[in-house]
Amino acid sequence: MSLDYRNTIRTSFGILFVGIAFSSHPARADKVLLSAPSSNFSYYGMYCNTCEAVSFTLSATYNLSTIDVVLRTPAETSFTTFDFSLQSSLTGSFTTYASAFLTAPLGGPSTEAMTVDTILSPSTYYLVGNVPGYAGTTVTPGDVDGWYLSTGVYSGTAGTITNGQWGGPPSWTLFSGDYYGNGVIYTAAAFTVNGSPVSSAVPESSTWVMLIVGFAGLGFAGYRGSHNGAALTA
């Protein structure tokens, strides 16, 4: 076997180990970051134009994968498509980070997922929902498309959920607690934020081993090549 061929093999193995080391990392493990679980009882009617929203605040930078919402539809309706968007604000100039049309089955509660797949920094965000074309159509009062209320018991370590429901527009009002003093308690609508923290990647011990072996192989191949070249020309 020629020296050039052996050096080529050593170099190839070195590159292979380095490539594996840089490409091998654990898959992102999504988890529940914030949760406002559904009460499965009362709901906010969405017989309106973009009139319902919740808000939450992230305490660090996270990669948001999805947001789940708990919706309901009456047994008979032709409006089963909900429009949701994740925004930086409710008024003025704002950024829309994600939006989706979610279709709910007829006659009851269902959990639908909106894909976000966006890295968000620490800040407050607004999840706005509506049913396109619904307002103004003929409906049965008290039996309309809606977004279920949460239990009011929020959880998650990624930040905080604003207690209450935003209603609007053109001006938005946060309805929270016993807002009207009549015993009706307003909580945030039911939703769950899923994702994972964003942090600087630190190689694991196995990755360090592959890096060391790979770079050592490359260095050895380079040393043998230069040494043998010098011997041949001497």
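- The CG atom of Asn130 sits 7.5 Å away from the CG atom of Asn49 when rounded to the nearest 0.5 Å.
- Scanning for side-chain hydrogen bond (donor to acceptor under 3.5 Å, both in side chains) contacts around Tyr154 gives Asn163, with sequence neighbours left out.
- Looking at every heavy atom in both residues, Val144 comes nearest to Arg72 through O-NH1, 2.7 Å.
- A side chain to side chain donor-acceptor pair (under 3.5 Å) check over residues 79-91, counting only residues at least two apart or in different chains, returns the pairs Ser85-Gln87.
- Remark: Ser38 pairs with Asn40 by the side-chain hydrogen bond (donor to acceptor under 3.5 Å, both in side chains) rule, at least two apart or across chains.
- Side-chain heavy-atom separations under 4.5 angstrom define the hydrophobic clusters, and Ile185 shares its cluster with no other residue.
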Could you list the donor-acceptor pairs under 3.5 angstrom formed between side-chain atoms of residues 131-140 and any protein atom two or more places apart in sequence or on another chain?
residue : atom : partner : partner atom : Å
Tyr134  : OH   : Asp145  : N            : 3.1
Thr137  : OG1  : Tyr134  : O            : 2.7

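- Here the straight-line distance linking atom SG of Cys51 with atom CE of Met46 works out to 6.0 Å at 0.5 Å rounding.
- Interatomic distance, CD of Gln165 versus OG1 of Thr173, reported as 12.0 Å (0.5 Å rounding).
- In this structure, a donor-acceptor pair under 3.5 Å is absent between the side chains of Ser121 and Thr61.
- Minimum interatomic distance between Cys48 and Gly45 (heavy atoms only, all atoms of both residues): SG-O, 4.3 Å.
- For the pair Trp147/Phe84, a side-chain contact is recorded, criterion being any heavy-atom separation below 4.5 Å from C-beta on.
- Residues satisfying the ring-ring contact (aromatic ring centres under 6.0 Å, His included) test with Tyr62, not counting sequence neighbours, are none.
- Going from atom CG of Leu33 over to atom OG1 of Thr157 covers 7.0 Å, rounded to the nearest 0.5 Å.
- When all heavy atoms of Ala29 and Ser196 are compared, the pair lying nearest together is O-CB, 3.7 Å.
- Gly146 approaches Phe82 most closely through the heavy-atom pair O-CE2, 3.8 Å.
- Remark: Leu86 CG to Leu127 CG distance equals 6.0 Å, nearest 0.5 Å.
- Scanning all heavy atoms of the two residues, the minimum distance from Ala190 to Pro37 falls at CB-C, 4.2 Å.
- Of all heavy-atom pairs between Ala188 and Ser150, the closest is O-OG, 2.6 Å.
- Evaluation of the side-chain hydrogen bond (donor to acceptor under 3.5 Å, both in side chains) rule for Thr77 yields no partner, not counting sequence neighbours.
- Clustering of Ile, Leu, Val, Met, Phe, Trp and Tyr by side-chain heavy atoms under 4.5 Å joins Tyr180 with Tyr44, Leu149, Phe175, Tyr179, Val184, Tyr186.
- Using a 4.5 Å cut-off on side-chain heavy atoms (C-beta onward), Val153 and Thr187 make no contact.
- The closest donor-acceptor contact from the side chain of Thr192 to the backbone of Asp68 lies at 3.5 Å or more, if one exists at all.
- Without hydrogens or angle criteria, Asp178 side chain to Gly183 main chain gives a donor-acceptor distance under 3.5 Å.
- Residue pairs meeting the salt bridge (Lys or Arg N to Asp or Glu O under 4.0 Å) criterion with at least one partner in residues 179-191, sequence neighbours excluded, are absent.
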Quiz item: Can Asn194 and Thr66 be said to form a side-chain hydrogen bond (donor to acceptor under 3.5 Å, both in side chains), step by step?
Solution: CA-CA 5 Å; Asn194 306 299; Thr66 59; 3.1 Å; yes
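- Side-chain atoms of Thr118 and Leu64, non-hydrogen and from C-beta on, never get closer than 4.5 Å to each other.
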Exercise. Go through the steps for Leu34 and Leu58 under the test side chain to side chain contact (heavy atoms under 4.5 Å, CB included), then give the verdict.
Key: CA-CA 9 Å; Leu34 295 169; Leu58 295 178; 4.2 Å; yes
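- Atom CD1 in Ile67 sits 12.0 Å away from atom OH in Tyr97 (nearest 0.5 Å).
- Evaluation of the side chain to side chain donor-acceptor pair (under 3.5 Å) test over residues 101-114, restricted to residues two or more places apart or in two chains, returns Ser110-Glu112.
- Membership of the apolar cluster around Trp172 extends to Leu90, Tyr126, Val128, Trp166, Leu174, as traced through chained side-chain contacts below 4.5 Å between ILVMFWY residues.
- Remark: Thr162 pairs with Ser55 by the side-chain hydrogen bond (donor to acceptor under 3.5 Å, both in side chains) rule, at least two apart or across chains.
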